[in-house]
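Whatever order the structure lists them in is the order used to number ligands and atoms, beginning at 1.
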Amino acid sequence: MGIHFDEKKQTFSIDTANSTYQFQVDRHGFLLHLYYGKKISGNADYLLKYLDRGFSGNPACLINDRTFSMDVLPQELPVWGSGDFRSPAFVVEKEDGTRSVDLKYVTYQIRKGKYSLPGLPAVYVSDEEATEAETLEIVLEDSVLSLEVDLLYGVLPKLDIITRAIQIKNKGADTVYLDKLMPASLDFITGDYDLITFHGRHTMERLMQRVPINHLSQRIGSRRGASSHQFNPMLIAAKPETTDSFGDCYAMEFVYSGGFQAEALKDQFGTTRVQMGLQEEGFHYPVAFGETFTSPEVILSFSRDGFDRLSHNLHDVIRQHICRGAYQYQPRPVLVNSWEGSLCNITRDSLLSLAREGKEIGLDMLVVDDGWFGNRDDDNTSLGDWYANEEKLGGSLAQLITDVNRIGLKFGIWMEPEMISEKSHLYEMHPDWALQIPGRIPIRGRNQLVLDFSRKDVRDYIYDRICDILDSGNIEYLKWDYNRSIYDVYSEGVTHQGRVLYDYMLGLYEVLEKLVNRYPHVLIEGCSGGGGRYDAGMLYYTPQIWTSDNTDPIDRMLIQYGTSFGYPASTMAAHVSKSPNEQTGRVTPIQTRVIAAMYGSFGFELDLSLLTKEEKKAAGEEVKKYHRLERLITDGRYYRLSDPAKDKFCAWSFVSRDGAEALVNAVVLKLQSNDELFYVRPKGLKPERVYKEINTGECYDSDLLMSAGLPLPKESGEHRAYQFHFILQQ
Ligand code: GLA
């Protein structure tokens, strides 16, 4: 395992437990990608064939060699200007508008430990793990532009994880502009692949789509300034025959929360290129003499055993090497959130009675969502005025916190720090703090504007306001929301507006980093109209994210299923809400809503006084049960047991790492008269053993369970849900 350089063949091999990644410095100093996939011991350079191909030009350094073309060969970092007409990963423009890069290999370094990226979230390792992790740095140079380009590879061998990032150093006198940067670009020399992406919309995020990669360019991404509800910055390339439990597949996951782009295509000779990186539209980043630009990183992983294994690799890297802080592994508070129950119409009495009802069913925390500050009686006003509305709260925020604590609940609060309402004191004082283009009326989203987080004075002000709020009492949780997209990009005083969106993200990360350091005991939950910024970048600061504004348990099956491909259960906040559901009007049994919410970080979001006595009793029992099961859900291995887009039921399970217990869940999605039985087939149990289902006391042969399955009870009634808890017998 580890990184090796074969001097003779000038080949770099990155070996993880089950994969090899290989590229070569060719005789002209170009970096050619050779192989990524199942672990190998040989050199893959024999795969390359040098042929004279028409209309595929030959690099300037070659005289009379028509058999070498960057348009044909697989590349480690395809650049614009080399003769490669496929999608480039790196485009640079000079002041005069010329665009051409010619990168040649200079040197390399292999280091122990995993690199970090200044000002950016990134996979990290602890001091003890640093001996296993490795970094490979490849230095490339364009001697005409005097540009140094450093390719960084981070390796976590046991998890089959490789990360890629790029640093660009301008050593020349002239400023250059970065127009496109994809830190991850993979060329698969042979083979057919499918592209799996996760698209969606507000209240319906991360729906899986699988299509063949063909002779056309397929591109996903976000131009919205945030990673978005519409596409998640995660994709999978898989052999057509690959399933959850079989076959080769590759993941790319961006550790970044702003605009992104990913592309897949098959070129003229059948090579498949898959890339992920920064959104190129709106990105025109000046790098002046002496400056260094650092890209965010992309996480790569390979599995030869299908998507389950690939997801496990991603779950482990996110939970163990992206999420941080006191709540990385700690049980999360089971909370009740005021939003769906009261919207902005909260009062001291409504909040305290919610807290009391919550206490009655054994909850840990009250979260006061929107409506507690400024004149915020609806969602048209007051963002930026982060002062408690004492009239509404019937006293100070400090007093409310004390009273909630006295009831026996922890206290959490909602904020939307990156936003400003035009109807606010902050806007009256600082209209230029909002992103808007001089001479144009800004586009509103939810009737609000976005604060210019690329500006230090703006960030410092907001940081101080957040600290004032967090210092005003015993606040143990902050929900960090972000409820619109960025349309108008203009920041006062910058040399070029093409840098603003990227600087905005660096600014956001700076504020979050300062908060995480100053308030290590505060759990920050990420949110953007639910899951509009559900990415590995945010998870570096917020170990859980509000998965979706849609709390309908049936819709949630598709949303949580899609999310599960790239993100562990511990990151998914999921709440029990009222029935009929606020978003869909669908009526579902409480048991179904509870089981759907036990998919991740569990909570409630409804007026608890609406629950009947029986429902309250049941809810109390479920809260106790969740506390017993939480470790299994967050630390166990997660398996998908059906495809909710095709099957009539959605089933999934959590299996403890030692195989001693398994929690199998199923929600019936469609009901028909006199239907066939639905069999759920658990995965990941110990073979040739017996498991007992603890609710019924029935014992099962593990191989039989895994091959033939367990029939769901045949009950009438829409959208029933079931949970089976299996314990390994000695
Ligand atoms: C967003 C969030 C909700 C809630 C509201 C408050 O939509 O996703 O959970 O906090 O804002 O305005």
Working for ring-ring contact (aromatic ring centres under 6.0 Å, His included), residues Tyr541 and Trp480: CA-CA 10 Å; Tyr541 310 95; Trp480 182 294; 9.3 Å; no

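Within 4.0 Å of ligand 1, protein heavy atoms belong to Trp339, Asp369, Asp370, Trp414, Arg446, Lys479, Asp481, Asn483, Cys527, Gly529, Gly530, Trp546, Asp549, listed by chain and number.
Tyr482 meets the ring-ring contact (aromatic ring centres under 6.0 Å, His included) test with no other residue; sequence neighbours excluded.
Between Gln560 and Glu205, the side chains place no donor N or O within less than 3.5 Å of an acceptor N or O (distance only, hydrogens not considered). Checking Asp552 against Thr584 by side-chain atom types alone, a donor-acceptor pair falls below 3.5 Å.
Salt-bridge annotation for Asp370 and Arg376: present, with a side-chain N of the basic residue lying under 4.0 Å from a carboxylate O of the acidic one.
The aromatic rings of Tyr504 and Phe453 lie tilted to each other, with the angle between the two planes from 30° to 60°.
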